[in-house]
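Values below: all heavy atoms of this structure, side chains included; hydrogens, waters and symmetry mates excluded. Both counts, for ligands and for their atoms, begin at 1 and track the order of listing.
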Amino acid sequence: MDLKIVSLKERFDAELEKIENMSELDSIRVAYLGKKGSVTELLKGMKELSNEEKKVFGQKVNELKGLVAEKISAKTAELKQKEIEAEINLMPQFDISMPVKLERGSYHPITLVQRECERIFKTMGFTVEDYSEVVTDYECFESLNIPKHHPARDMQDTYYLENGQLLKSQTSAAQNAIYKKYKDALINDGVPIKAIFPGRCFRNEATDACHENTFFQMEGVMVDKNISISNLIYFMKTMLSEVFQKDIKVRLRPGFFPFVEPGFELDISCLICGGDGCPSCKHSGWLELCPCGMIHPEVLKAGGIDPEEYTGFAFGLGLTRLAMMKYGVKDIRDLNSGSLKSLSQFTDDE
Ligand code: FA5
């Protein structure tokens, strides 16, 4: 009987050596340890033995059973380890010590132009003001000499909130608050009001290559004693030559805005077509960029400033259109498209 145990053990060792995967291992487990397996069969052959022999033989078979189970469990661990290593080898190899190569983002062209304008005006002593996008009817219209039912409102239909407030249609909506904020320093200490306030504007607009329903403007105001149109023209010229770093053809023509008197339209020769006419300038060769004028006495009064003593100029620069001209963007809608392919062309040195 001992011989049977020894030969079964040798057979098992030889077969186990050849096992290469889990399903083969499972078959060998059933073949040796299963209900009808070879080891179990050995026990069935004990019937003919004496009680003493049964005791000794049974113990040896149990030892064999334990050994077989132990070897199967070791083989299971070995095969699982091999499976994990094979999976790792199939994975792309990473070197965790390699420095990370990050794609560098870039600022939106409107942000770049806005920052450039802020830099220019700051060097000329202007403060940069931030103002809400949600404003009252008084701020956007009434304080600017545009009473209810005034036809000038038609040009600036915007989005109204249920509480009567509205999304500002022009950065001029901050003028009244700026005058009130700085009037005391002007009146008591003789500090001129010099402020710019960039911001997003909203209009119910039929969009085309140079009109968006959401666009950026940058308002600028200067109030002091003896401010005249010459001051206005000086600042406009300086701003344009600094932004474009080259001579730009400009034209100033009369323009009507209820909050300035006199009022002007400042147009620049279209830089997309060189003034020949294209969709970006509505085929006129000119682009309306920066309406401006001398602040209307009623507007100064609404801001708490005496128009008999002080005068001032105001302008409303179309920042989004400026970005179009500076970066050669033919269609204004591309700037709001969110397309990284087109926007990532613009970078700055920061
Ligand atoms: C105004 O908004 C006045 N508040 C500007 C002003 C300020 C005049 C101070 C006088 C004194 P206007 O609607 O023309 O004006 O807009 C000013 C500029 O914003 C335009 O010249 C243009 O460059 C830009 N702009 C106006 N509407 C749009 C639009 N729908 N899409 C893109 N840019 C626009």
Asks: Given Phe202, Phe315, Phe264, Phe259, which one has a non-hydrogen atom that is nearest to atom 8 (C) of ligand 1?
Replies: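 The option holding the nearest heavy atom is Phe259.
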
Asks: For Val260, is the nearest heavy atom under 4.0 Å from an atom of ligand 1?
Replies: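 Flag set, Val260 near ligand 1.
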
Asks: Measure from the side-chain N and O atoms of Glu219 to the backbone N and O of Ile196, and report whether any donor-acceptor pair falls under 3.5 Å.
Replies: no

Asks: Atom 32 (C) of ligand 1: which of Leu287, Ile332, Thr320 has the nearest heavy atom?
Replies: Ile332

Asks: Verify the distance criterion only: is there a donor paired with an acceptor across the side chains of Glu139 and Thr136 at less than 3.5 Å?
Replies: yes

Asks: Just to confirm my output: which protein heavy-atom neighbour is closest to atom 30 (N) of ligand 1, and how far is it?
Replies: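 Nearest protein contact, heavy atoms only, for atom 30 (N) of ligand 1 is Glu205 OE1, 2.7 Å.
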
Asks: Answer with yes or no whether Met155 contacts ligand 1, where contact means a heavy atom under 4.0 Å from a ligand atom.
Replies: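 So Met155 does not count as touching ligand 1.
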
Asks: Among all the protein's non-hydrogen atoms, which is closest to atom 19 (O) of ligand 1, and how far away is it?
Replies: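 Nearest neighbour among protein heavy atoms for atom 19 (O) of ligand 1, to 0.1 Å: Gln217 NE2, 3.0 Å.
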
Asks: Answer with yes or no whether the side chains of Ser50 and Glu53 bring together a donor and an acceptor at under 3.5 Å.
Replies: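 Per modelled atom types, Glu53 and Ser50 side chains form a pair under 3.5 Å.
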
Asks: Considering only the protein, which heavy-atom contact is closest to atom 23 (O) of ligand 1, and what is its distance?
Replies: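 Checking every protein heavy atom, the shortest distance to atom 23 (O) of ligand 1 gives Glu288 O, 3.1 Å.
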
Asks: Just which atoms of ligand 1 are under 4.0 Å from any heavy atom in Leu289?
Replies: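 The atoms of ligand 1 under 4.0 Å from a heavy atom of Leu289 are 21 (O), 23 (O).
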
Asks: Give me the nearest non-hydrogen protein atom to atom 25 (N) of ligand 1 as residue plus atom name, then the distance to 0.1 Å.
Replies: Phe215 CE1, 3.6 Å

Asks: Check Leu289, Ile332, Asp334 against Met324 for a side-chain contact (heavy atoms from CB on, under 4.5 Å) and give me the one that passes.
Replies: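 Option passing the side-chain contact (heavy atoms from CB on, under 4.5 Å) with Met324: Ile332.
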
Asks: Judged by modelled atom types alone, do Tyr107 and Gln114 share a side-chain donor-acceptor pair under 3.5 Å?
Replies: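 Result is no, nothing qualifies.
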
Asks: The test is ring pair (Phe, Tyr, Trp, His ring centres under 6.0 Å); show your working for Phe197 and Phe315 and say whether it passes.
Replies: CA-CA 10 Å; Phe197 23 111; Phe315 62 86; 8.9 Å; no

Asks: May I ask you to identify the nearest protein heavy atom to atom 3 (C) of ligand 1, giving residue, atom name and distance to one decimal place in Å?
Replies: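 Checked against all protein heavy atoms, atom 3 (C) of ligand 1 sits closest to Gln170 OE1, 3.5 Å.
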
Asks: Need the ligand 1 atom indices (1-based, order shown) with element for anything under 4.0 Å from a heavy-atom of Glu219.
Replies: 7 (C), 9 (C)

Asks: For atom 12 (P) of ligand 1, what's the nearest protein heavy atom and its distance?
Replies: Arg203 NH2, 3.9 Å

Asks: Rounded to the nearest 0.5 Å, what's the gap from CD1 on Ile305 to CG on Asp224? Could you check?
Replies: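 So the CD1 of Ile305 and the CG of Asp224 are separated by 10.0 Å.
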
Asks: Is the shortest distance from a heavy atom of Cys292 to ligand 1 less than 4.0 Å?
Replies: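 For ligand 1, residue contact (heavy atoms, under 4.0 Å) with Cys292 is present.
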
Asks: Could you check atom 24 (C) of ligand 1 against the protein and tell me its nearest heavy-atom contact, residue, atom and distance included?
Replies: Gly318 CA, 3.8 Å

Asks: Do the side chains of Met222 and Val299 join up, straight or via other hydrophobic residues, at under 4.5 Å, putting them in one cluster?
Replies: no

Asks: Return yes or no for this condition: an N or O of Glu212 is under 3.5 Å from an N or O of ligand 1.
Replies: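 Yes.
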
Asks: Return the residue, atom name and 0.1 Å-rounded distance of the protein heavy atom closest to atom 14 (O) of ligand 1.
Replies: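 For atom 14 (O) of ligand 1, the nearest protein heavy atom is Pro291 CG, 3.6 Å.
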
Asks: Is ligand 1 under 4.0 Å from a heavy atom in the side chain of Ser169, in the backbone, in both, or in neither?
Replies: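 Neither part.
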
Asks: Do Met124 and Leu322 sit in the same hydrophobic cluster, where Ile, Leu, Val, Met, Phe, Trp and Tyr count as joined when their side-chain heavy atoms come under 4.5 Å apart?
Replies: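 Yes, one cluster joins them.
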
Asks: With no hydrogens and no angle check, do the side chains of Arg321 and His211 hold a donor and an acceptor under 3.5 Å apart?
Replies: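 The answer is yes; a qualifying pair exists.
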
Asks: Among the heavy atoms of Cys210, does any lie under 4.0 Å from an atom of ligand 1?
Replies: yes

Asks: May I ask you to say whether Arg115 pairs ionically with Glu118, meaning some side-chain N is under 4.0 Å from a carboxylate O?
Replies: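 Judged by the 4.0 Å cut-off on N to carboxylate O distance, Arg115 and Glu118 do not form a salt bridge.
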
